[in-house]
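Quick caveat, the model's predicted, so the values are computed rather than measured. Values below: all heavy atoms of this structure, side chains included; hydrogens, waters and symmetry mates excluded.
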Amino acid sequence: MSFSSEVKEELSRPSSMGRHCRLAETAAIISLCGKIIITENDRYCVKIQTENLPVARKYFTLLRKAFNIKAEVAVRKNREICSCSVVVRKDREARRLLKETCLLATDGSIHECMSLIHNHLLKQNCCRRAFLRGAFLAAGSVSDPEKSYHFEIVCQSQKKAEQLQKLLIQYQIDAKTILRKRYHVVYVKEGSQIVELLGLMGAHVSLMRFENVRIVKEMRNSVNRKVNCETANLNKTVSAAVRQMEDIRYIEQRKGLQELSEGLEEIARLRLEHPDASLKELGDMLSPQVGKSGVNHRLRKLSLIAEQLRKGEEE
């Protein structure tokens, strides 16, 4: 089972919530994966179809508990794909369902509004969270945190995507939208914000799993960065020491170290004797001891002398 399926399985379990929250969750499911059929004689039928059985089970339970509607359920299996449909066929029940979920206007037209301003189902915080839960169950997915951080909800229209994006922004979630084929996708890429979303929807077990994976990955990345930084510094130190020793040996061959000043001769011989020593370690070996900047100054002088000797040889 994928991580996304595990989240939906958790969200589909029975929970204690008020009828107003059940209405909001039902509205989201119908709006994002439902189909409203109006016959020639003006009779209504509401149908949802999903490949996720926990989603169908949750929707069926919402219809029974919030509306006292017993819907028809049909399951079809085509090779490895299992599709489940939940249908409310009775005109009176379908109309009542659509009216109470704010999907049917007074003139009988379909009015799908997910706006915080115009949809009274989304006035309370608990109902907004229930709506997000229903939207994710209907058309959402979240990637396995072991692989990447990606949360998305697929909408059939740009207007729905924009209204859902505004709803997420109310919770300081930096949601973005993108057109993928003929669908408008609302997505979140930031790991900490996906954790926030899982909490808002009530997927607390999945949240803990996601957070644990995220913490381990961040620790691993932090360790890798430190190791890479230390390796780069070590390589830099080794390269510098090799150049210094080459310069000192060249000076020794061309004029002899004894021709140098006392301070330069001392640091030159110490570098030849201790090729792996750091600047601090070399400074501690001097008498009197010298700091890193002082050691670096002397070694730079030696490099300058070697450079001048090479130029003189070329001329």
Side-chain angles (χ1 to χ4, degrees), residues 1-13 15 25 28-29 32-33 48-59 77-84 129-156 158 160-162 164-232:
M1 183 184 290
S2 67
F3 180 72
S4 191
S5 296
E6 289 177 9
V7 176
K8 290 189 177 184
E9 176 67 39
E10 181 182 356
L11 294 177
S12 68
R13 292 169 192 158
S15 59
E25 190 168 0
I29 294 174
L32 289 166
C33 77
I48 74 150
Q49 190 160 333
T50 176
E51 295 177 3
N52 196 296
L53 295 182
V55 175
R57 184 176 67 242
K58 180 63 178 288
Y59 177 64
K77 192 169 184 180
N78 182 14
R79 296 181 181 177
E80 296 181 358
I81 301 174
C82 186
S83 176
C84 184
R129 294 173 63 175
F131 188 90
L132 287 174
R133 180 165 58 249
F136 176 77
L137 283 168
S141 64
V142 57
S143 62
D144 189 332
E146 292 279 5
K147 298 175 182 177
S148 64
Y149 300 146
H150 184 83
F151 176 102
E152 71 175 38
I153 297 175
V154 179
C155 302
Q156 293 183 349
Q158 183 178 355
K160 283 184 184 180
E162 290 173 349
L164 186 57
Q165 181 187 28
K166 289 178 182 177
L167 177 57
L168 291 172
I169 290 173
Q170 289 288 316
Y171 292 102
Q172 285 75 52
I173 303 295
D174 185 24
K176 294 180 174 60
T177 62
I178 188 173
L179 180 64
R180 184 190 298 156
K181 294 182 180 178
R182 59 189 181 92
Y183 296 103
H184 295 266
V185 181
V186 183
Y187 69 93
V188 178
K189 286 281 191 182
E190 176 62 41
S192 61
Q193 296 201 336
I194 295 174
V195 169
E196 179 73 16
L197 268 170
L198 292 173
L200 287 171
M201 295 189 300
H204 301 296
V205 175
S206 300
L207 181 155
M208 292 303 298
R209 182 188 162 191
F210 191 102
E211 190 72 317
N212 287 339
V213 171
R214 194 169 73 94
I215 290 170
V216 170
K217 285 177 72 174
E218 287 184 358
M219 288 180 63
R220 188 186 301 134
N221 291 338
S222 177
V223 169
N224 287 340
R225 283 194 297 271
K226 288 180 180 178
V227 169
N228 291 338
C229 183
E230 289 176 2
T231 301

> Distance-only, no hydrogens or angles: does the Glu211 side chain make a donor-acceptor pair with backbone N or O of Val195 under 3.5 Å?
Replying inline: no
> Ala138 and Ala28: which non-hydrogen atoms are nearest, and at how many Å?
Replying inline: CB-O, 4.3 Å
> Backbone N or O of Pro54 within a donor-acceptor pair of the Glu9 side chain at under 3.5 Å?
Replying inline: no
> Within the side chain of Thr231, is there an N or O that forms a donor-acceptor pair under 3.5 Å with the backbone of Val227?
Replying inline: yes
> Do Gln156 and Tyr183 come within less than 4.5 Å of each other through their side chains, counting heavy atoms only?
Replying inline: yes
> Without hydrogens or angle criteria, can the side chains of Gln165 and Thr177 be said to hold a donor-acceptor pair below 3.5 Å?
Replying inline: no
> Relative to the ring of Phe151, is the ring of Phe136 parallel (under 30°), tilted (30 to 60°) or perpendicular (over 60°)?
Replying inline: parallel
>> Distance check, rounded to the nearest 0.5 Å: Arg214 atom CZ versus Ile194 atom CD1?
In response: 9.5 Å
> Going through the distances and angles, do Leu11 and Arg133 end up as a side-chain contact (heavy atoms from CB on, under 4.5 Å)?
Replying inline: CA-CA 7 Å; Leu11 294 177; Arg133 180 165 58 249; 3.8 Å; yes
> With a 4.5 Å heavy-atom cut-off, do Phe3 and Arg209 have their side chains touching?
Replying inline: yes
> Looking at Ala135 and Ile153, what are the two nearest heavy atoms and their distance?
Replying inline: O-CG2, 3.9 Å
> Cation-pi between Lys217 and Tyr149: NZ/CZ under 6.0 Å from ring centre and within 45° of the ring axis?
Replying inline: yes
> What closest approach, in Å, do Lys58 and Glu25 show between heavy atoms, and which atom pair accounts for it?
Replying inline: NZ-OE2, 2.8 Å
> Considering all heavy atoms of both residues, which atom of Cys155 and which atom of Leu32 are nearest to each other, and what is their separation?
Replying inline: SG-CD2, 3.8 Å
> Taking all non-hydrogen atoms of both residues, which atom of Ile29 and which atom of Gly134 are closest, and how far apart?
Replying inline: CG1-O, 3.6 Å
> Roughly how far, to the nearest 0.5 Å, is the SG atom of Cys82 from the CD atom of Glu51?
Replying inline: 9.0 Å
> Thinking salt bridges, do Lys226 and Glu230 make one under a 4.0 Å N-O criterion?
Replying inline: no
>> Please report the interatomic distance CZ(Phe210) to CG(Leu198), rounded to the nearest 0.5 Å.
In response: 6.5 Å
> Are the side chain of Gln193 and the backbone of Gln172 linked by a donor-acceptor contact shorter than 3.5 Å?
Replying inline: yes
> Does the Glu10 side chain pair with the main chain of Val205, one donor and one acceptor, at a distance under 3.5 Å?
Replying inline: yes
> Once you round to the nearest 0.5 Å, how far does CG of Leu53 lie from OG of Ser12?
Replying inline: 10.0 Å
> Roughly how far, to the nearest 0.5 Å, is the CG atom of Leu197 from the OG atom of Ser192?
Replying inline: 10.0 Å
>> Please determine whether side-chain contact (heavy atoms from CB on, under 4.5 Å) holds for the pair Glu152 and Ser143, giving the CA-CA distance in whole Å, both sets of side-chain angles, and the decisive distance to 0.1 Å.
In response: CA-CA 9 Å; Glu152 71 175 38; Ser143 62; over 6 Å; no
> How far apart are the C-alpha atoms of Lys189 and His150, what are their side-chain angles, what is the distance that settles it, and do they pass the side-chain contact (heavy atoms from CB on, under 4.5 Å) test?
Replying inline: CA-CA 5 Å; Lys189 286 281 191 182; His150 184 83; 3.0 Å; yes
> Where the side chain of Thr50 meets the backbone of Ala56, is there a donor-acceptor pair that is under 3.5 Å apart?
Replying inline: no
> Can you find a heavy atom in the side chain of Leu132 that is under 4.5 Å from one in the side chain of Leu164?
Replying inline: yes
> Which heavy atom of Gly199 sits nearest a heavy atom of Arg129, and at what distance?
Replying inline: O-NH2, 3.2 Å
>> Go through it in stages, so that I can follow the logic: the residues are Lys166 and Glu162, the test is salt bridge (charged side-chain N to carboxylate O under 4.0 Å, His left out), and I'd like the CA-CA distance, side-chain angles, deciding distance and then a yes or no.
In response: CA-CA 6 Å; Lys166 289 178 182 177; Glu162 290 173 349; 6.0 Å; no
> To the nearest 0.5 Å, how far apart are CD in Glu6 and OG in Ser206?
Replying inline: 6.5 Å
>> Would you say that Asn52 contacts Leu137 through its side chain, given a criterion of any heavy-atom pair below 4.5 Å between the two side chains?
In response: no
